[in-house]
Amino acid sequence: MSKEIFYVTTPIYYVNDVPHLGHAYTTVATDFVARYRRSQGREVFFLTGTDEHGQKILRTAEAAGLSPKEWTDQIVPRWTEVWAALDISNDDFIRTTEARHEGPVQKFMQDLYDRGEIYLGRYEGLYCVGCEQFKQPDELVDGRCPLHGTVPDAVEEENYFFRLSNYADRLIELWETVPSSVLPETRRNEVLGKVRGGLDDLSISRVSFDWGVPIPWDDKHVIYVWIDALQNYITAVGYGSDEARFERIWPADIHFVGKDILWFHTVIWPAMLMALELPLPKTVFAHGYLQVGGEKMSKSTLTGISPHDLIDAFGSDGYRYYFMRDISFGGDGDFSWEAMVARYNSDLANDFGNLASRVLNMISRYLDGSVPRVPEEAEMTLPEQSMIDVQQGTFAAIEKAMDDIAPHDALKAAWAFVRRANSYVEEVAPWKLAKDDAERRRLEVVLYQLADALRLMSLMLFPIMPKAAEKLWSRLGLEGRVEDRILPEEGRWGLLPEGNKVTIGDPLFPRIETEA
RNA sequence: GGCGGCGUAGCUCAGGGGCAGAGCAAGCGGCUCAUAAUCGCUGUGUCGGUGGUUCGAGUCCACCCGCCGCUACCA
């Protein structure tokens with residue numbers, strides 16, 4: 001009995017600054033997967049949100065002359081507006097400052113405490129006054145802070161600790177018996193290697209500042225921000241507030257994260273859940289980093305580029321497609337303006353957009369804009385059969401790639417169908433058929449197949465390019481929205497209704513002309 | 001230092017014992033429905049180096065060179 005709801009998450013983002021390309025990358029990938037699962041007919045719950053506690057937020061707010069709550073309230077819209085601009089289809093958006101989160105977090109901590117999983121201990125650390133932070137011994141250069149050149153003070157602080165060290169064996173067993181628990185494989189090997197070296201208990205409270213969720217039995221302490229933040233994945237789906245809902249949605253099918261936060265999601269988070277005997281997320285998938293290269297933005301860093309800059313130039317569809325297609329998901333990848341223009345023009349403007357233009361044009365010109373009668377089996381010739389074969393192979397390859405969490409391979413596969421449709425046009429040359437009255441029915445058959453191919457592409461590409469897919473759908477005279485269609489039901493030939501009026505419209509993806 | 005990964009066409013990468021591949025870029029040809037588009041054909045490779053195993057090695061092994069990741073309580 002598998003759970004019916006497919007639950008995917010992005011990390012909740014730390015709102016001490018505005019979103020950059022890296023945040024958008026994770027979020028777009030998660031959205032692609034969420035939309036794909038919905039298109040397969042699955043019920044999906046897609047969660048994202050913001051992480052708003054901790055010392056860094058407090059400092060950022062102070063620097064801006066605001067209270068931490070005022071700071072987060074004014075910056076959260078900067079995040080939600082980017083997600084809206086990227087057509088992110090999240091079902092919920094949780095903020096860790098919401099009561100629905102903070103209350104259940106306290107319950108979670110109290111439960112851990114009651115079970116003896118938390119104890120009061122001392123954190124001994126090296127504190128740099130200049131940084132106002134604890135330093136790890138290996139961060140120091142000759143025993144001095146590399147930033148301030150001073151010798152940090154040895155400081156002891158009373159903290160609550162979680163018995164993380166008890167869970168090393170169970171974590172190792174999990175990773176060894178369930179390979180999909182941490183992906184890609186290289187990331188699983190990383191945590192496996194580290195945890196085999198042993199685990200220390202984890203300090204989970206702070207006393208030096210108060211911007212956080214109070215420890216329920218000792219409110220001098222606030223919960224360490226990561227411990228609070230990780231719980232968003234369960235508080236948002238009813239943990240501690242609606243147990244029936246929680247049981248229906250949890251566990252997550254996939255937590256998407258960047259590789260920088262792998263440790264928290266594959267060690268600390270599962271150990272916390274184990275401690276309360278809660279189900280574990282099925283997969284934590286850690287993708288790589290984006291690097292910025294190329295000329296046009298060579299002076300920019302990743303954090304210096306706003307997603308808005310690229311959305312303005314390429315549209316949300318172009319943005320989503322580029323990052324999902326050009327970067328092998330899981331590994332590190334390079335972003336460059338030049339590569340993005342090249343990919344956009346070649347795949348979207350030339351291959352796909354132009355295919356739509358030429359087909360819609362020919363139907364308007366040769367068939368008065370009306371979708372002809374659905375071809376009979378007997379009217380199909382070799383080229384039609386070949387295109388159908390390619391389409392079926394493509395859909396199967398996409399399914400395989402998405403099951404493997406390889407969006408880049410899925411899109412690569414998708415283009416086999418787009419290319420085949422273009423070569424089919426050349427093969428059957430409708431403009432020649434149009435000159436011969438005796439070929440009238442043949443002309444109808446090939447143009448029907450092409451229009452129907454566009455319908456199938458609209459379904460196929462909706463998860464990655466929702467705007468273009470909806471546009472194309474309506475240009476084919478189809479009712480309703482692609483969003484509401486189920487691929488396994490409608491992803492076959494011959495479902496485009498006879499008599500639909502097509503409209504040509506503007507190019508779906510206007511070419512981007514490069515200056516110089 | 002330890003553990004792990006990568007190095008294949010001009011570019012981005014796939015392939016993991018049996019005739020070196022894809023897309024893009026380039027060159028040539030075709031077509032005229034289309035967004036200077038599209039279709040077809042064509043390259044070029046010491047598969048990072050050296051040495052091994054094997055009838056046979058991008059592929060397996062050893063060493064070397066060059067990049068890179070991880071090495072936990074800053075989100």
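So you know, we letter chains A, B, ... as the sequences are listed, proteins then strands, and number each from 1. All figures in this text were calculated on a predicted structure; none of them were measured in a lab. Computed over heavy atoms, backbone and side chain alike; hydrogens, waters and symmetry mates excluded.
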In dot-bracket form, 5' to 3', how is RNA chain B paired? Count Watson-Crick and G-U wobble pairs only if both distances fall under 3.5 Å, and write | where the partner sits on another strand.
((((((((.[[[[.)..(..]]]].(((((.......))))).....[[[[[..)....]]]]])))))))....

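- Residue contacts for A:Leu508: at a heavy-atom cut-off of 4.0 Å it reaches a base atom on one of the strands shown.
- For A:Trp263 and B:U71, the CH2 to C1' distance is 10 Å, given to the nearest whole Å.
- For A:Glu426 and B:G30, a side-chain-to-base donor-acceptor distance below 3.5 Å is present, hydrogens and geometry of angles not being considered.
- Within the structure, a side-chain polar atom (N or O) of A:Arg419 is placed less than 4.0 Å from OP1 or OP2 of B:C24.
- Between A:Arg187 and A:Glu190 there is a salt bridge, since a side-chain N of the basic residue sits under 4.0 Å from a carboxylate O of the acidic one.
- Per the geometry, CG belonging to A:Asn422 stands 15 Å off C1' belonging to B:G23, to the nearest Å.
- When distances run from any side-chain atom of A:Leu199 to the nucleotides B:U38, B:A72, B:G23, the shortest one goes to B:A72.
- Of the P atoms belonging to B:G40 and B:G7, the separation is 30 Å, rounded to the nearest Å.
- The distance between atom CG of A:Leu355 and atom P of B:C39, rounded to the nearest whole Å, is 9 Å.
- Contact annotation for A:Gly54: no contact, since no heavy-atom pair falls under 4.0 Å across all strands.
- In the set B:U35, B:C24, B:U32, B:U32 carries the atom at the smallest distance from any side-chain atom of A:Lys432.
- When each of B:U35, B:U71, B:C73 is scored by its nearest atom to the side-chain atoms of A:Lys194, the top-ranked nucleotide is B:U71.
- Separating the C1' atom of B:G16 from that of B:C60 is a span of 9 Å, rounded to the nearest Å.
- Counted within 6.0 Å of CZ on A:Arg78, heavy atoms from surrounding residues, nucleotides or ligands total 12 or fewer; the atom is thus considered open.
- Comparing B:G49 with B:C67, their C1' atoms sit 15 Å apart, to the nearest whole Å.
- Regarding the sugar-base torsion, B:G58 falls in the syn class, its angle being within 90° of 0.
- Within the structure, every side-chain polar atom (N or O) of A:Lys56 is placed at least 4.0 Å from both OP1 and OP2 of B:C74.
- Of the candidates B:A72, B:C74, B:U35, the closest approach to any side-chain atom of A:Asp200 belongs to B:A72.
- When ring centroids are compared, A:Phe329 and A:His408 stay outside the 6.0 Å threshold.
- Taking the ring pair (Phe, Tyr, Trp, His ring centres under 6.0 Å) definition, one finds that A:Tyr448 meets it with nothing, sequence neighbours left out.
- We find that CG of A:Leu411 is positioned 16 Å from P of B:A14, with the value rounded to whole Å.
- Separating the P atom of B:U53 from that of B:C11 is a span of 34 Å, rounded to the nearest Å.
- A salt bridge links A:Asp73 with A:Arg95; the closest basic N to acidic carboxylate O contact falls under 4.0 Å.
- Between the CZ atom of A:Phe352 and the P atom of B:U35 there is a distance of 16 Å, rounded to whole Å.
- For A:Phe209 and B:C74, the CZ to C1' distance is 11 Å, given to the nearest whole Å.
- Between A:Asp332 and A:Lys259 there is a salt bridge, since a side-chain N of the basic residue sits under 4.0 Å from a carboxylate O of the acidic one.
- Atom CD of A:Glu157 is separated from atom C1' of B:C73 by 12 Å (rounded to the nearest Å).
- Look at A:Lys400 and A:Asp403 and you find no salt bridge, because none of the NZ, NE, NH1 or NH2 atoms lies under 4.0 Å from a carboxylate O.
- When the P atom is used for both B:A14 and B:C6, the distance is 10 Å, rounded to whole Å.
- Rounded to whole angstrom, the span from the CZ atom of A:Arg187 across to the C1' atom of B:G4 amounts to 10 Å.
- Checking B:U35, B:C33, B:C24 against the side-chain heavy atoms of A:Ser357 singles out B:U35 as nearest.
- Nearest to the side chain of A:Trp431, among B:G69, B:U71, B:U32, sits B:U32.
- For an aromatic pair to be called close, the ring centres must be under 6.0 Å apart, and A:Tyr25 with A:Phe335 fails this.
- Among the atoms of the strands shown, base atoms are found under 4.0 Å from some heavy atom of A:Arg511.
- Atom CG of residue A:Leu290 and atom NE2 of residue A:His23 lie 11.5 Å apart, to the nearest 0.5 angstrom.
- Dashed line: the shortest gap from a side-chain N or O of A:Asn189 to OP1 or OP2 of B:G5 is not under 4.0 Å.
- Because its glycosidic torsion is within 90° of 0, B:G16 is reported here as syn.
- Looking at the side chain of A:Ser423, the nearest of the listed nucleotides B:U38, B:C39, B:C33 is B:C39.
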